[in-house]
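These notes concern the structure reproduced below.
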Number of protein chains: 4
Amino acid sequence: MGKNSNLRDRTACVILDAAGEVLSEFGNEANMNQVADTAGVGRATLYRYFPSREALLKAMSQRVVENVGKRLEEANLEEVSFEEAIHRITRAILGLSFPSGALIEEGIGFEPVEAKRLIMDPICKVFEKGAEQGAIRSEFSLELLSQLFIKFLRGGSLLVSKRISNMEDTAFAISSLFLDGVRNK
Amino acid sequence: MGKNSNLRDRTACVILDAAGEVLSEFGNEANMNQVADTAGVGRATLYRYFPSREALLKAMSQRVVENVGKRLEEANLEEVSFEEAIHRITRAILGLSFPSGALIEEGIGFEPVEAKRLIMDPICKVFEKGAEQGAIRSEFSLELLSQLFIKFLRGGSLLVSKRISNMEDTAFAISSLFLDGVRNK
Amino acid sequence: MGKNSNLRDRTACVILDAAGEVLSEFGNEANMNQVADTAGVGRATLYRYFPSREALLKAMSQRVVENVGKRLEEANLEEVSFEEAIHRITRAILGLSFPSGALIEEGIGFEPVEAKRLIMDPICKVFEKGAEQGAIRSEFSLELLSQLFIKFLRGGSLLVSKRISNMEDTAFAISSLFLDGVRNK
Amino acid sequence: MGKNSNLRDRTACVILDAAGEVLSEFGNEANMNQVADTAGVGRATLYRYFPSREALLKAMSQRVVENVGKRLEEANLEEVSFEEAIHRITRAILGLSFPSGALIEEGIGFEPVEAKRLIMDPICKVFEKGAEQGAIRSEFSLELLSQLFIKFLRGGSLLVSKRISNMEDTAFAISSLFLDGVRNK
DNA sequence: CAGTAAGCGAGACGGTACGTCGGGTCTTACC
DNA sequence: GGTAAGACCCGACGTACCGTCTCGCTTACTG
């Protein structure tokens, strides 16, 4: 399972990179041929790795989700204050250099289960801890707050990936705004 | 512009309604035949009104944009306080009963020019007036703030249209959070 | 039935002329719009007169058949010798200035019943009289001979209408060849 | 050019056979779907081989033309007397079991260039040789005579393919009539 | 002379065939 | 054995034409 698995992973990775490239250039109209050609791979091989277009998109989304999840894990969210956690989450998500992040974020092939486990759950925990510590005003449900925060981040990441604003300012603005709004006063 | 125009508008409207229905049921895989059948119209007529799939989606998006624009216009944003304007904008956008709002919000066929004129510009004016009156903290550019607010609203409208949260709570939460965050203290 | 009928006939005639013109220019790919436009008539009127494309073609064919029939009738075939009758038939058929004769002869919309009555029957009679008078060799069935003669004429008229050879020479050649071949020796 | 070419040829042949079958059954109203279905082939494949309806008809015509050409070649026209050559040509052409011969003869998709090279030219040579040998009366141009002969044959083949007369009688009648007519006396 | 009925042009409409294109399956040959 | 090349089937897309229909407009007939 050593080399083979590695080779498989490497080929899959090449394909995913190519797909990211093609999708971010041509949008959702990109076809499987372009992906295969860009990956330097036959169309058959492409279908062997990803049995359908949807599967490919899902895998791309999955990879992004895993990236974000890893960043969140590295951020040690459990061990810092609520405010700092919010800052870190924001930077973690906005800081991604999405190859086709925006596209996937537009909902092309989103895979919700893993996204929930790897992204939503850690964020929810942060909100729960913040609530326990009395750092969050209690008028709104945690569910709603965390969902809104996520959407806020999605919006911000779109701004960044479309070069409408730079990452630093946007992250700072999002964190500040959200914290000021959400903070118990 | 009399009867003929009305008839054209009526047929176009029937088609757009059907498209909304089909798209919200089958998602982006819905085909033109389904739309035509649901509209009770021949495929040729469908193409006579909307010369391509993309044109149809654009028109749907356009209609949503115009709806929002009309609501914003009726909201008298110019004559109320900044805070009240933010509340009204939020309710205006979240209060839409999107037939396929979510789909369009996902960016399937978005038409940016009209959206800017009818939605972005009034909102930007509100922010500008708020800034002049000193109601907004000056650390962030107005551009960034208004963009973030829009994305925030988009996120919220997704939550509502996907029944994750109800409209009233979401609108109130968005307005409150955003105002608390944005307000000059 | 007087004026009305005349008007009807005149309009129908204009349409048939236009159809002949269009068909001989564009071949069988000509569409009804072209015919209507060339006739200076609305498409609806065209369909009022000829309820289908096929009906139009049939009518065109019918008109040619009637023309030929009239010529044959004027030729007094019954009262001349077999040889002279053959000559007259040949000239009658080749002498038509087919507007779209060739096309119809190609079989686009041929109406066989009238053709038989107006064209085949007189010709067959000529052959029968010729046989009775012993002017025709008896080895071949009259049926076959007359059919072959018709086809021979069709071929010749194609040559003429496509300007491959002129009418006089062709008619003379056909009559002479056929008579020499068919004559009892 | 080995197997691949053979496969291509085989598939093309299957399609042409199917087209012949469908066309002779449904006439010129047969659609490409029927052809593809009858051939047991997808419509896309049909269009890969014959990029348009017209191309398919042309290919069918071409195949008939080649068949006739081959028969004429096998007939050794150069080495027999003029009379025998005329007999052989007649039998060669009338003897074809047209799958959709009549249709093509009706001129649906006729390809004139090859027809001239493979059919007209050998026949013309026969006439030229006949003229040199003094077997043909000199009053008519060879061009006209050969054209008329061709048309005569077309007429006869129509009679045969439409079962109006049988092949043997028709071929004998055509040859005899034409020879008697054309022969120098 | 006014009213009406019938024919007409214009053009929208439903339906269907055509030709293109992309997705997904499969075979063949290569390495 | 995995891969590249590519043929194949399926079905959607967008176009064009056919035949039907409705709408006003003109025109000619009628009271």
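Throughout, a chain's letter reflects where its sequence line sits, starting with A, and its residues are numbered from 1.
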Calculate the interatomic distance between [X] atom [atom1] and [N] atom [atom2]; express it in whole Å.
X     : N      : atom1 : atom2 : value
B:R10 : E:dA12 : CZ    : P     : 16 Å
B:F50 : F:dT15 : CZ    : P     : 15 Å
B:Q34 : F:dA12 : CD    : P     : 8 Å
C:N28 : F:dC17 : CG    : P     : 14 Å
B:L46 : F:dT15 : CG    : P     : 11 Å
B:F26 : F:dG11 : CZ    : P     : 16 Å

Identify the heavy atoms of C:E29 and C:R53 that sit nearest to each other, and give their distance.
C-NH2, 4.2 Å
Distance below 4.0 Å between D:Y49 side-chain N/O and F:dA7 OP1 or OP2
no
Phosphate contact (F:dT3 OP1 or OP2) by A:T45 side-chain N/O below 4.0 Å:
no
Distance-only side-chain donor-acceptor flag, D:S157 / D:R154, under 3.5 Å
no
Between its two end axes (five pairs each) the helix from E:dC1-F:dG31 to E:dC31-F:dG1 turns, nearest 10 degrees, through 0°
Decide yes or no on side-chain contact (heavy atoms from CB on, under 4.5 Å) for D:V65 and D:I119, but give the supporting numbers first.
CA-CA 7 Å; D:V65 166; D:I119 302 179; 4.1 Å; yes
Could you go through A:C13 and A:D17, starting from their C-alpha distance and side-chain angles, then the distance that decides it, and tell me whether this counts as side-chain contact (heavy atoms from CB on, under 4.5 Å)?
CA-CA 6 Å; A:C13 194; A:D17 288 342; 4.0 Å; yes
Does the D:S24 side chain pair with the main chain of D:G20, one donor and one acceptor, at a distance under 3.5 Å?
yes
Contact string for nucleotides 15-21 of chain E, one letter per nucleotide 5' to 3', B = base within protein heavy-atom range under 4.0 Å, S = sugar-phosphate only, - = neither, reads B-BSBB-
Determine whether A:R48 and A:T45 satisfy the following criterion, side-chain contact (heavy atoms from CB on, under 4.5 Å), listing intermediate values before the conclusion.
CA-CA 5 Å; A:R48 217 171 286 119; A:T45 301; 3.6 Å; yes
Are any of the side-chain heavy atoms of A:Q62 and A:E66 separated by less than 4.5 Å?
yes
For C:L16, what residues pass the side-chain contact (heavy atoms from CB on, under 4.5 Å) criterion, not counting sequence neighbours?
C:F50, C:L56, C:A59, C:M60, C:R63
Show me the side-chain donor-acceptor pairs of residues 30-41 of chain D shorter than 3.5 Å, one per line, residues at least two apart or across chains.
{"residue": "D:N31", "atom": "OD1", "partner": "D:Q34", "partner atom": "N", "Å": "3.2"}
{"residue": "D:Q34", "atom": "OE1", "partner": "D:N31", "partner atom": "N", "Å": "3.0"}
{"residue": "D:T38", "atom": "OG1", "partner": "D:Q34", "partner atom": "O", "Å": "2.8"}

